[in-house]
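Below is one structure, written out as structure tokens, with a few remarks after it.
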Amino acid sequence: MIYFDKVSKVYTDNSVALENISFTIEPDEFVSIVGHSGAGKTTLLKMLLAEEKPSDGTVFFQSIDIHKLRRNEINHFRRKIGAVFQDFKLLPNKTAYENVAFAMEVAGKSDEEIESDVPHVLELVDLGRKMWSFPHQLSGGEKQRVAIARAIVNHPDIIIADEPTGNLDPINTYEIVQILKKINDMGTTVILTTHNKGVIDSVGKRVITLENGKVFRDDVAGRYIL
Amino acid sequence: MFLTNIRRVVKTGFINFWRNGYVSLASMLVMVITLSVIGAIIFTNVMLIASLDQIKDKVDINVYFVTSAQEPDILSIKQSLETLPEVKEIVYTSQDDVLAAFKIRHQNDQYTLQALDELQGNPLGATLNIKAKEPSQYGSIVDFLNSKTLSSRDGLPIVDKINYNQNKAAIDSLTRIIDSGKRIGLFLTIILIAISIVITFNTIRLAIYASREEISIMQLVGASSKYVRGPFVIVGIMYGLISAIITMALFYPATYYLGRATQDFFGGVNVYGYYLHNFLHIFAILLGAGVVIGSVSSYLAVRRYLKV
């Protein structure tokens with residue numbers, strides 16, 4: 001489903017973020033990408049979202065070369081991916097409901113669909129009561145759950161989670177990981193980056209370990225080893 | 001889908017305008033200043049043109065005829081002058097009328113009147129008072145006159161003198177003053193409008209700079225650039241709309257207060273009257289300017305932060 005083919009990324013200041021990375025992610029997989037800060041995890045995910053272009057190599061998504069997409073195709077492509085970030089990236093002037101609804105509006109869903117799906121999804125992440133709160137009125141864990149609700153509302157093919165638990169306490173971290181596992185069980189590919197040992201160990205699925213921009217290990221039922 | 005998107009963009013624009021209350025207020029204050037400058041320039045131009053016109057109106061030339069000139073000859077000159085496109089108005093004063101006016105002017109001067117009575121007949125010639133449309137056109141009118149100064153009957157000159165030749169310097173310098181007055185006015189207008197547009201543009205850009213994070217999030221979720229940009233442009237249009245209304249409202253007391261003073265100073269033009277009389281016209285100009293400045297500023301400012 002996703003294929004990184006000898007991908008390298010060298011930034012303009014000659015720092016090498018990724019070097020000759022190749023791996024494949026199958027549908028319905030739950031893949032964790034681990035590594036120290038600066039190992040290239042975020043660069044990898046940015047390439048999947050077409051935020052960064054590889055200096056060399058290609059990234060395929062369902063046999064589409066992501067970096068050959070034109071500007072207006074990138075928008076459509078991104079609607080197939082649900083993204084969750086460490087800093088939540090919620091729209092500060094919109095309520096939880098509106099943040100989730102925005103992703104549906106963008107995807108061209110009708111008002112009826114939005115009105116029925118958004119409360120349902122927020123209910124699913126246990127935020128039914130805080131539907132009309134603004135992000136600044138929510139705790140970190142709640143914000144991340146809004147972000148997850150936004151990511152899954154359009155039934156994407158993949159969820160990309162870039163250190164989603166980085167700013168959360170252990171209990172919230174546990175809850176977020178459980179939600180991601182549930183999403184995966186329902187048949188969505190999940191790609192998670194983290195440097196939290198507990199998270200990796202509790203997921204117990206495939207782990208790709210990056211070190212200095214290279215794939216250091218790729219274990220089918222991995223643990224956090226660095 | 002297109003209509004749904006338009007509706008959503010407009011709605012989001014309204015909500016953002018309301019939720020970013022302080023930013024909206026600050027931006028509109030700056031916009032009100034811009035529109036006030038534009039409005040003030042409109043009023044100033046009207047008064048400047050009115051007073052220049054008045055000065056222009058005071059310029060004229062008189063053609064004095066010799067006493068032996070026959071009335072039909074003078075009237076035929078008047079007629080041929082009237083065919084000139086430069087001529088605005090000609091007033092013919094007959095010999096008798098000139099004498100009557102002279103007597104009234106000197107009614108307290110017994111010596112002059114007595115001296116006049118000593119003379120037999122009327123020593124004063126008839127006159128033509130000519131007004132041109134533009135002060136610069138007097139030269140050509142005088143040239144035309146010079147070619148027609150002979151009597152049709154006996155071939156003797158009938159024009160005694162034309163006072164243009166004495167007043168030429170004054171008329172020329174007045175023409176120059178009026179011209180440069182207009183040019184300076186235009187120059188100042190352009191400079192002031194440009195400065196205020198730049199200030200408004202920068203204010204709106206700052207407001208959108210605060211939203212750059214939001215813009216990138218919207219794009220990450222997959223929003224097209226049009227869908228991201230739309231609400232900002234709507235907000236820009238609202239700034240222009242509301243600012244134009246506020247500016248018009250502010251001009252009401254301002255022109256009312258200045259009305260009498262301007263009427264006395266600029267002779268005849270009352271800004272308050274002008275404001276009331278041209279209310280819709282001025283409002284349309286301010287509204288158009290505000291909406292264009294607001295929407296174009298927003299459009300350009302968002303473009304900087306659109307990555308896809």
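In what follows, chains carry the letters A, B, and so on, assigned in the order in which the sequence lines appear, proteins first and then strands, with residues in each chain numbered from 1.
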Counting heavy-atom pairs closer than 4.5 Å to chain B, which one of Leu49(A), Leu91(A), Ile81(A) comes out on top? Leu91(A)

With a 4.5 angstrom heavy-atom cut-off, is it the side chain or the backbone of Ala83(A) that approaches chain B, or both, or neither? neither

Residue selection (most heavy-atom pairs with chain A, distance under 4.5 Å) from Asn5(B), Asn20(B), Ile15(B), Val228(B): Asn20(B)

Heavy-atom proximity to chain B below 4.5 Å, by part of Asp111(A): both

Part of Gln219(B) lying under 4.5 Å from any heavy atom of chain A: both

Decide if atom CZ of Phe14(B) counts as having more than 12 heavy atoms of other residues, nucleotides or ligands within a radius under 6.0 Å. no

Taking side chain as everything from C-beta outward and backbone as N, CA, C, O, which of these in Leu90(A) sits under 4.5 Å from a heavy atom of chain B? Side chain, backbone, both or neither. backbone

Member of Leu206(B), Thr203(B), Ile208(B) meeting the side-chain contact (heavy atoms from CB on, under 4.5 Å) criterion with Ser27(B): Thr203(B)

For Phe43(B) and Tyr275(B), take the angle between the two ring planes, folded into 0 to 90°, and tell me which bin it lands in: parallel under 30, tilted 30 to 60, perpendicular over 60. tilted

Region of Arg70(A) that comes under 4.5 Å of a non-hydrogen atom in chain B: neither

Under 6.0 Å from the CZ atom of Arg304(B), do we count more than 12 heavy atoms belonging to anything else shown? no

Looking at chain B, which one of Glu98(A), Arg71(A), Glu105(A) has the largest number of heavy-atom pairs inside 4.5 Å, strictly under? Glu105(A)

Heavy atoms only, distances under 4.5 angstrom: which of Lys307(B), Arg8(B), Glu214(B), Lys226(B) has the most pairs with chain A? Name it, please. Arg8(B)

